[in-house]
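Below is one structure; the comments refer to it alone.
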Amino acid sequence: MSSKPKSEKVAILKGQEAEDKVLEYVKRMNRPYGAVDVAANLKGAVPKTATQKILVALAEKGELVQKTYGKTTFFVYNQEKIDCLPNEKIADLNTELLKLEDENKLLAAEVKTYSTELSKIKATPTDGEIDNQIASVQAAIAQTTKSLQPLRSGAPPISAQQLEQIYADWTKWRAQWIRRRKVFMTFWQLATDALPPQDAKNLEEDLGIEKDTPEHLALEQGSLCNQPQATSLKRKRQ
């Protein structure tokens, strides 16, 4: 069995030592206390009965102020004995305070200026970002130049009629592709509806069926399959 740690015994103060201890505590805390609270806060260094007598004696000496509320008596350190700053010292402190406030305003203005400059710096692209932007612009220029190369070499541009025919063929064959894909998906669903998912996948691999890849889906959703020119050219042809 583990033995309980023995609490350290507090030395009991008597006489002048007890009085000095009580006065020092009440002065340091500078708030109203009763004898029971003082004795308890001193951890028993001064017994409760002795604490009451010491508090009363200190009040009679003018060190403490004694107030009674109902049946309870409180003691507080005499505020008149607390050292106060002379008027000259208070005036010096007020002058120093005003000086510090002015300096604080100047520092706050500097902080605001530096914060604005820092925001501008953060908004400025880094060398790496500028290099990436330059590379992107150069790639766009190269692509545009490549697209214009046939015209520079004297190749005739596509006429409006040819462009209209291209769009008409594109619309026709794309509609055929969509229709055939829909027919296939309908029949495939009927054929594999009763099969477990894994068996349906195995049958698809055995038959060599290739469904739309992510690239096909991206193409279907891209600008090539949503050309507004096709509609406008078709209306002109009509």
Side-chain angles (χ1 to χ4, degrees), residues 1-137 197-198 214:
M1 296 176 63
S2 60
S3 59
K4 295 183 179 179
K6 296 181 179 180
S7 58
E8 297 181 1
K9 293 184 178 180
V10 179
I12 304 299
L13 302 178
K14 297 181 180 179
Q16 189 62 42
E17 288 185 351
E19 181 175 321
D20 293 342
K21 185 69 174 179
V22 171
L23 179 60
E24 183 274 332
Y25 176 77
V26 176
K27 179 181 179 180
R28 174 164 52 85
M29 301 307 294
N30 196 27
R31 52 165 292 185
Y33 276 111
V36 176
D37 295 328
V38 174
N41 294 338
L42 292 177
K43 309 298 182 183
V46 181
K48 182 174 65 174
T49 303
T51 300
Q52 177 67 29
K53 293 179 180 180
I54 291 173
L55 290 171
V56 173
L58 290 172
E60 291 175 352
K61 293 178 181 180
E63 297 291 340
L64 304 180
V65 175
Q66 179 178 348
K67 295 289 184 180
T68 301
Y69 297 93
K71 297 182 179 181
T72 305
T73 302
F74 293 96
F75 298 87
V76 67
Y77 189 73
N78 191 345
Q79 302 298 299
E80 294 180 357
K81 290 182 173 292
I82 296 178
D83 295 335
C84 296
L85 293 175
N87 293 333
E88 295 80 5
K89 183 64 175 178
I90 294 176
D92 292 341
L93 291 175
N94 286 331
T95 302
E96 185 177 357
L97 176 61
L98 293 175
K99 180 181 177 182
L100 291 175
E101 287 179 347
D102 292 338
E103 292 178 357
N104 186 49
K105 291 179 180 178
L106 294 176
L107 292 174
E110 290 184 10
V111 170
K112 184 177 181 181
T113 301
Y114 291 143
S115 298
T116 303
E117 293 180 1
L118 179 60
S119 299
K120 292 180 180 179
I121 293 174
K122 288 183 176 180
T124 304
T126 62
D127 293 345
E129 292 173 342
I130 292 175
D131 291 340
N132 292 335
Q133 293 177 5
I134 292 174
S136 178
V137 172
Q198 187 59 43

Are any non-hydrogen side-chain atoms of Tyr33 and Leu55 less than 4.5 angstrom apart?
no
Can you find a pair of side-chain heavy atoms, one from Ile130 and one from Ile134, that are under 4.5 Å apart?
yes
To the nearest 0.5 Å, tell me how far Asp102 CG sits from Leu97 CG.
9.5 Å
Donor-acceptor contact present, side-chain Thr51 to main-chain Val46, <3.5 Å
yes
Can you see which heavy atom on Phe74 is nearest to which on Gly34, and at what distance?
CD2-N, 3.9 Å
Does any part of the side chain of Ser136, heavy atoms only, come nearer than 4.5 Å to the side chain of Asn132, both counted from C-beta?
no
Rounded to the nearest 0.5 angstrom, the CG-CD distance for Asp20 and Gln16 is 4.5 Å
For the CD atom of Glu63 and the NZ atom of Lys27, what is their distance to the nearest 0.5 Å?
8.5 Å
Apply side-chain contact (heavy atoms from CB on, under 4.5 Å) to Leu93 and Glu96, showing your working.
CA-CA 5 Å; Leu93 291 175; Glu96 185 177 357; 4.2 Å; yes
Carboxylate-amine/guanidinium proximity below 4.0 Å for Glu19 and Lys14:
no
When rounded to the nearest 0.5 angstrom, what distance separates OG1 in Thr124 from CD in Glu129?
10.0 Å
Worked verdict on Tyr114 versus Lys112 for side-chain contact (heavy atoms from CB on, under 4.5 Å):
CA-CA 6 Å; Tyr114 291 143; Lys112 184 177 181 181; over 6 Å; no
Side chain to side chain, Arg31 and Val76, heavy atoms closer than 4.5 Å:
no
CD of Glu103: more than 12 outside heavy atoms within 6.0 angstrom?
yes
Report yes if some heavy atom in the side chain of Thr73 is under 4.5 Å from a heavy atom in the side chain of Gln66; otherwise report no.
yes
Would you indicate whether the side-chain heavy atoms of Tyr25 and Leu23 approach each other to under 4.5 Å?
no
Less than 4.5 Å apart, any side-chain heavy atom of Leu64 and any of Asn78?
no
Let me confirm one number: the CG-NZ distance from Asn94 to Lys99, rounded to the nearest 0.5 Å.
15.0 Å
Looking at side-chain heavy atoms only, is the closest gap between Val56 and Phe75 below 4.5 Å?
yes
Could you grab the distance from atom CD of Gln79 to atom CG of Asn30, nearest 0.5 Å is fine?
4.5 Å
NZ/NE/NH1/NH2 to OD/OE distance under 4.0 Å, Glu24 and Arg28
yes
